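To find a chain, count down the sequence lines: A is the first, B the second, and so on, and within it residues start at 1. Values reported hereafter were calculated over all heavy atoms of this structure, with side chains retained and with hydrogens, waters and symmetry mates removed. Just so it is clear, the model here is predicted, and its values are computed rather than measured.
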2 protein chains.
Amino acid sequence: MNTHICPSDGRDSLGALIGMVRGEIVRAIESDLAAQGADLKFTQFHMLKRLAMLGPMSASELARAVDLDGGAMTRQLDQLETKGYLRRQPHEQDRRALRIELTEAGEALWRHLHESNVATLERAQRTLSAEERERLHDYLERVLTALREKD
Amino acid sequence: MNTHICPSDGRDSLGALIGMVRGEIVRAIESDLAAQGADLKFTQFHMLKRLAMLGPMSASELARAVDLDGGAMTRQLDQLETKGYLRRQPHEQDRRALRIELTEAGEALWRHLHESNVATLERAQRTLSAEERERLHDYLERVLTALREKD
DNA sequence: ACAGTATAGTTGTCAAGGCAAATATGCGCG
DNA sequence: CGCGCATATTTGCCTTGACAACTATACTGT
């Protein structure tokens, strides 16, 4: 007799599937980083990317942007500041907050990493048409919105 | 002068978006688990679900199924075994391997958690039509396949 | 059967991240 | 202004997961 409770329908649940995709994307990007000799993990790369794309912002804005705990953010900022890729400046309107900005070295690093990142994300979606990519993006944003609404 | 390098096009990259969605799904499921008084984190829930849906399997098969390192798997198995939700049995064909199977308590727990898990995943996709859910699933599987192919 | 290689599971070690507490500001209201 | 509450950052503590080293067993080719 078979002991499993739910007959498998051969489909992964959305949660499992998204977890797998995320894991592969992180691994692919970290592999790029290693290949280019960049001493960054995915999280630090993500911070760098956000800052490069959106410009300076406070630490908590950055934390929200990369979905990271505030405590973890402090420590990642320490590391990236030590490596010389960013600066903590005082925030102009809010004395509690910081203005995190890339240094020239940080911007240069981003320029160096930018291309292979684009290529990797392109590779991930290479079997999707432009329209399908658009829809995937749209669906994911709708799922995200649905999850964030309280009900 | 503006210091950011890449003008924002207002769109998150696929990587960032998927990371966010995964984070929200994990938080939602852990919130369910807490609400039902289940002393499980997402990873353990995921293991339980896999075992319930697919039946007994070896530890490394389970590790691959939930995308977890082998070392981490050993420790999670320790915990779930201590809680009484699963058993390590000898594998019949391979003396290196284990046959991980749910106990009656583990199956009962899964029956208890199953409904709210379905409801949460349904909630996540509530703004998508059946056809759109189908497509989302399809696109994600194609992205996963593309990422796993060496090139 | 034997050597070499691959895989299963366990363990030690370490870095990353979540959570809570502490401190410093901001912000709204009487 | 002063009070109460929310937010920003930092730090300590703890859990989780990755990676490497190790043992045991399987597989492959000769």
Side-chain angles (χ1 to χ4, degrees), chain A residues 19-20 22-31 33-34 38-48 51 56-83 86-101, chain B residues 19-20 22-31 33-34 38-48 51 56-83 86-101:
Chain A
M20 288 290 191
R22 184 191 121 95
E24 291 293 338
I25 290 180
V26 170
R27 277 187 284 274
I29 290 178
E30 295 204 331
S31 149
L33 292 169
D39 184 25
L40 297 180
K41 295 297 196 54
F42 176 77
T43 298
Q44 297 182 350
F45 166 81
H46 196 185
M47 291 166 61
L48 197 75
L51 288 169
M57 66 187 82
S58 79
S60 48
E61 284 171 324
L62 184 55
R64 280 187 292 271
V66 299
D67 196 19
L68 195 63
D69 172 81
M73 178 54 61
T74 293
R75 285 177 271 256
Q76 295 300 335
L77 289 174
D78 290 343
Q79 290 193 35
L80 287 173
E81 195 168 36
T82 298
K83 291 179 208 263
L86 59 78
R87 262 188 299 269
R88 283 165 158 111
Q89 296 288 137
H91 194 288
E92 301 197 347
Q93 288 86 37
D94 188 342
R95 280 191 299 164
R96 293 169 302 179
L98 300 171
R99 172 191 163 95
I100 309 298
E101 58 183 35
Chain B
M20 288 290 192
R22 184 191 121 94
E24 291 294 338
I25 290 180
V26 170
R27 277 188 286 274
I29 290 178
E30 295 204 331
S31 150
L33 292 170
D39 184 25
L40 297 180
K41 294 297 196 51
F42 176 77
T43 298
Q44 296 182 350
F45 167 81
H46 197 3
M47 290 167 61
L48 197 76
L51 288 169
M57 66 187 81
S58 79
S60 47
E61 285 172 322
L62 184 56
R64 280 188 293 270
V66 299
D67 198 17
L68 195 64
D69 171 81
M73 178 53 61
T74 293
R75 284 177 270 255
Q76 294 300 336
L77 288 175
D78 291 343
Q79 290 192 34
L80 287 174
E81 195 169 35
T82 298
K83 291 178 208 265
L86 59 78
R87 262 189 299 269
R88 284 164 158 112
Q89 296 289 125
H91 194 288
E92 301 197 346
Q93 287 86 36
D94 187 341
R95 279 192 300 165
R96 294 169 303 178
L98 300 171
R99 172 189 164 96
I100 308 298
E101 57 183 35

Item to complete: Examine distances only and state if a side-chain atom of B:Glu30 and a backbone atom of B:Phe42 form a donor-acceptor pair shorter than 3.5 Å.
Response: yes
Response to the item:
Going 5' to 3' through nucleotides 23-28 of chain D and flagging B where a protein heavy-atom sits under 4.0 Å of the base, S where only the sugar-phosphate is that close, and - otherwise, we get -BBS--
Item to complete: Measure from the side-chain heavy atoms of A:Lys41 and tell me the nearest of C:dG17, C:dA15, D:dG17.
Response: C:dA15
Worksheet item: Looking at NZ of A:Lys41 and CD of A:Gln79, how far apart are the two atoms once the value is rounded to the nearest 0.5 Å?
Response: 9.0 Å
Item to complete: Specify the separation, in whole Å, of atom CD of B:Glu92 and atom C1' of C:dA8.
Response: 17 Å
Item to complete: Taking all heavy atoms of B:Met73 and all of B:Met47, pick out the closest pair and write down the distance.
Response: SD-CE, 3.6 Å
Worksheet item: Is the shortest side-chain N to carboxylate O distance from A:Arg75 to A:Asp69 below 4.0 Å?
Response: no
Worksheet item: Which letter, B, S or -, goes with each nucleotide of nucleotides 18-23 of chain C from 5' to 3', with contact meaning a protein heavy atom under 4.0 Å?
Response: BB----
Fill in: Residues B:Glu24, B:Arg27; criterion salt bridge (Lys or Arg N to Asp or Glu O under 4.0 Å); working and verdict
CA-CA 5 Å; B:Glu24 291 294 338; B:Arg27 277 188 286 274; 3.4 Å; yes
Worksheet item: Could you give the NE2-to-C1' distance, from A:His91 to D:dT10, as a whole number of Å?
Response: 18 Å
Discussion item. Testing the basics here: between B:Arg99 and B:Pro90, what is the closest heavy-atom pair and its distance to 0.1 Å?
Written reply: CB-O, 3.9 Å
Discussion item. So, taking the atom named CD in B:Glu81 and the one named CD1 in B:Ile100, what distance separates them when rounded to the nearest 0.5 Å?
Written reply: 7.5 Å
Worksheet item: In whole Å, what is the span from the CG atom of A:Leu77 to the P atom of C:dA16?
Response: 13 Å
Practice prompt. Would you give the length of the straight line joining atom CG of B:Leu77 to atom CZ of B:Arg88, rounded to the nearest 0.5 angstrom?
Written response: 5.0 Å
Fill in: Considering all heavy atoms, the nearest A:Gln76-A:Thr43 contact
CG-CG2, 4.2 Å
Item to complete: Rounded to the nearest 0.5 Å, what's the gap from CG on B:Leu48 to CG on B:Leu80? Could you check?
Response: 7.0 Å
Discussion item. Tell me whether the side-chain N/O atoms of A:Gln76 come closer than 4.0 Å to OP1 or OP2 in C:dA15.
Written reply: no
Worksheet, complete the sentence: With the side chain defined as heavy atoms from C-beta on, A:Ser60 is closest, among C:dT10, C:dA16, D:dT9, to D:dT9
Discussion item. How many whole angstroms separate atom NE2 of B:His46 from atom P of D:dG17?
Written reply: 11 Å
Worksheet item: In degrees, rounded to 10°, what is the bend between the two ends of the helix from C:dA1-D:dT30 to C:dG30-D:dC1, using five pairs at each?
Response: 40°
Response to the item:
CD (B:Glu101) and CG (B:Leu51) are apart, to the nearest 0.5 Å, by 9.5 Å
Worksheet item: 5'-most contact on DNA chain D: A:Met73 or B:Thr43, nearest heavy atom basis?
Response: A:Met73
Worksheet item: Is the backbone N or O of B:Asp39 less than 3.5 Å from a side-chain atom of B:Lys83, with the two atoms forming a donor-acceptor pair by type?
Response: yes
Practice prompt. Whole angstrom is fine here: how far is it from CG in B:Leu62 over to P in C:dA8?
Written response: 13 Å
Discussion item. Classify A:Gln79 by what it touches in the nucleic acid, base, sugar-phosphate, or nothing, heavy-atom distance under 4.0 Å.
Written reply: sugar-phosphate
Fill in: Atom pair distance, as rounded to whole Å: CZ in B:Arg64 and C1' in D:dA18
17 Å
Worksheet item: Please give, in whole Å, the distance from D:dT9 C1' to A:Met57 CE?
Response: 17 Å
Discussion item. Just the rounded figure in Å: distance from P of D:dT16 to CG of B:Asp78.
Written reply: 12 Å
